[in-house]
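A quick write-up on the structure given underneath.
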Protein chains: 2
Amino acid sequence: MALEHAILVSLLEQPGSGYELARRFERSIGYFWTATHQQIYRVLKRMESDGLLDVRDVPQERRPDKKEYSVAGPGRSALSAWLHEPIEPESLRHDLAVKIRGAAFDDPAALLHEVERHHRVHSDRLAHYLAGEIRDFTGPGAPVPLDAGQELQHVVLRGGIAYERMTVAWLDDVLATLHRLGAAGPRA
Amino acid sequence: MALEHAILVSLLEQPGSGYELARRFERSIGYFWTATHQQIYRVLKRMESDGLLDVRDVPQERRPDKKEYSVAGPGRSALSAWLHEPIEPESLRHDLAVKIRGAAFDDPAALLHEVERHHRVHSDRLAHYLAGEIRDFTGPGAPVPLDAGQELQHVVLRGGIAYERMTVAWLDDVLATLHRLGAAGPRA
DNA sequence: TCGTTCTATGCAACTGGTTGCATAGCAAGC
DNA sequence: GCTTGCTATGCAACCAGTTGCATAGAACGA
């Protein structure tokens, strides 16, 4: 299960609570792994009882107390072991592609709005990633030189940027194709 | 559940048995959706009992008999309904990216072989997709002009090609980064 | 004749992930 | 005083997907 490993990496980069982790999974880690808070809390609990994590109760003022998790020795070993074993190259699960092929048996033009919506989402993500790249890695406020951890975070972010750029370009291609088919008239 | 919809699309394109579907999921449909034969058989059974599919026993010579599935009226309606409702833009689950960020807490150079292996897999997929594109859509044996279904299959394949090309380029970037960090020496 | 490979189908147990719901403190604004 | 919203944590039920195993006919080669 890679969620465990994603959590280990995130907590090594910075210890934090379940709530904070959930927010990171909406941001940086979320570029390549997603998880809901329910799942995170459940896995944190299990990892803690497995001895992979340490917990510390942190009383807070002006907001509810929290539990701060950090990586324990066995957690670090588990991560290291995983890093050294091979993993399967990822496989896609792309609903939109299923829809596009399915549109041949419906009205292709009806997909236009859906594709446009996805185009907007991916354009927004791209803009967001690019802003983050400038803020954290290439802009005037960024550390120079970057340490190894930052270099690795940057190359992963470049992957996210490449993915979004590619996706936006492909969605342009899809839109052009749908328009072409629409101009030629619908079919069954 | 999009596996149902992927099966509906695939069976509309061409009726077939669970075994044949499983093989398609290793090929064309597999470019953007994966499924094992166990899962396919189970879902086929449920879809048939839900009235979405028709089954026909096909006795065969020289090999075991098979059950050929095809899409029934309600199946077509279900697909159409799904095509008209919005779906969430897909989110990634990219283990390798987790590993790369995790490498900051281990030896980055140890990831080289893993990344090279993924690079080979994606290069092979790219070559395979490109060969398929020539065979089915752009080569001398391909139909001219393409009908709408073929145009849509082609644009989805172009998406797969773009994805693999982008991934290979990114993995080159990752390799260069790892080499750079390796030359600078490992760290904790 | 025995092992292997390919076609073809399936069950059972498990794990990972999603969805819906619930609780609670505190701040800010109406 | 009431609602809204943010921080913070969690349970329970369900669903989708994976893994391991099993069966069986037929072809093919050692």
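By convention in this document, chain letters (A, B, ...) are assigned in the order of the sequence lines, proteins followed by strands, and residues within each chain are numbered from 1.
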Practice task
Between Pro64(A) and Asp65(B), name the one whose nearest nucleotide on DNA chain C is closer to the 5' end.
Solution key: Asp65(B)
Exercise for the section: Starting at atom OH of Tyr41(A), determine the distance to atom P of dA24(C), rounded to an integer number of angstrom. Expected result: 16 Å
Practice task
Please indicate whether His113(A) has more than 12 foreign heavy atoms, meaning atoms of other residues, nucleotides or ligands, lying under 6.0 Å from its NE2.
Solution key: no
Practice task
Would you mind reading off the distance between His37(B) atom NE2 and dA8(C) atom P, rounded to a whole angstrom?
Solution key: 13 Å
Handout entry: Lys/Arg N to Asp/Glu carboxylate O, Lys66(B) vs Glu20(B), below 4.0 Å
Key = yes
Handout entry: Donor-acceptor side-chain pairing of Asp95(B) and His5(A) below 3.5 angstrom
Key = no
Practice task
Taking only the side-chain nitrogens and oxygens of Ser17(B), find out if one of them lies under 4.0 Å from OP1 or OP2 of dT7(C).
Solution key: no
Practice task
Please check if the distance between the ring centroids of Trp170(B) and His94(B) is under 6.0 Å.
Solution key: yes
Give every pair of a protein N or O atom and an N or O atom of nucleotides 13-15 of chain D that lie under 3.5 Å apart, one pair per line with the distance.
none

Handout entry: Separation of dG17(D) P from Glu88(A) CD (nearest whole Å)
Key = 18 Å
Practice task
Answer yes when Glu48(A) and Lys45(A) have at least one side-chain N-carboxylate O distance shorter than 4.0 Å, and no when they do not.
Solution key: no
Exercise for the section: Using only side-chain N and O atoms of Lys66(A), determine if any of them is under 4.0 Å from OP1 or OP2 of dT7(D). Expected result: no
Exercise for the section: Rounded to the nearest angstrom, tell me the gap between atom CD1 in Ile40(B) and atom C1' in dA16(D). Expected result: 14 Å
Fill in the blank from the handout: Per atom distances to the Tyr19(B) side chain, the nearest of dC11(D), dA8(C), dG10(C) is dA8(C)
Exercise for the section: Give Thr34(B) one of three labels, base, sugar-phosphate or nothing, depending on what nucleic acid heavy atoms sit under 4.0 Å from its own. Expected result: nothing
Exercise for the section: Answer yes or no: is there an ion pair linking Glu13(B) with Arg101(A), defined by an N-O contact shorter than 4.0 Å? Expected result: yes
Exercise for the section: Starting from C1' on dG20(D), measure out to CD on Gln39(B) and report it in whole angstrom. Expected result: 15 Å
Exercise for the section: Counting heavy atoms from C-beta on, name the nucleotide in dT19(C), dT9(C), dC11(D) closest to the side chain of Thr36(A). Expected result: dT19(C)
Fill in the blank from the handout: The nucleotide from dG17(D), dT19(D), dT7(D) with an atom nearest the side chain of Trp33(B) is dG17(D)
Problem - Side chain of Gln38(A) - closest among dT19(C), dA24(C), dG10(C) - result: dT19(C)
Practice task
For atom CZ of Arg158(B), decide whether the heavy atoms of other residues, nucleotides or ligands shown that lie under 6.0 angstrom number more than 12.
Solution key: yes
Problem - side-chain N/O Arg93(B) vs dG17(C) OP1/OP2, d < 4.0 Å - result: yes
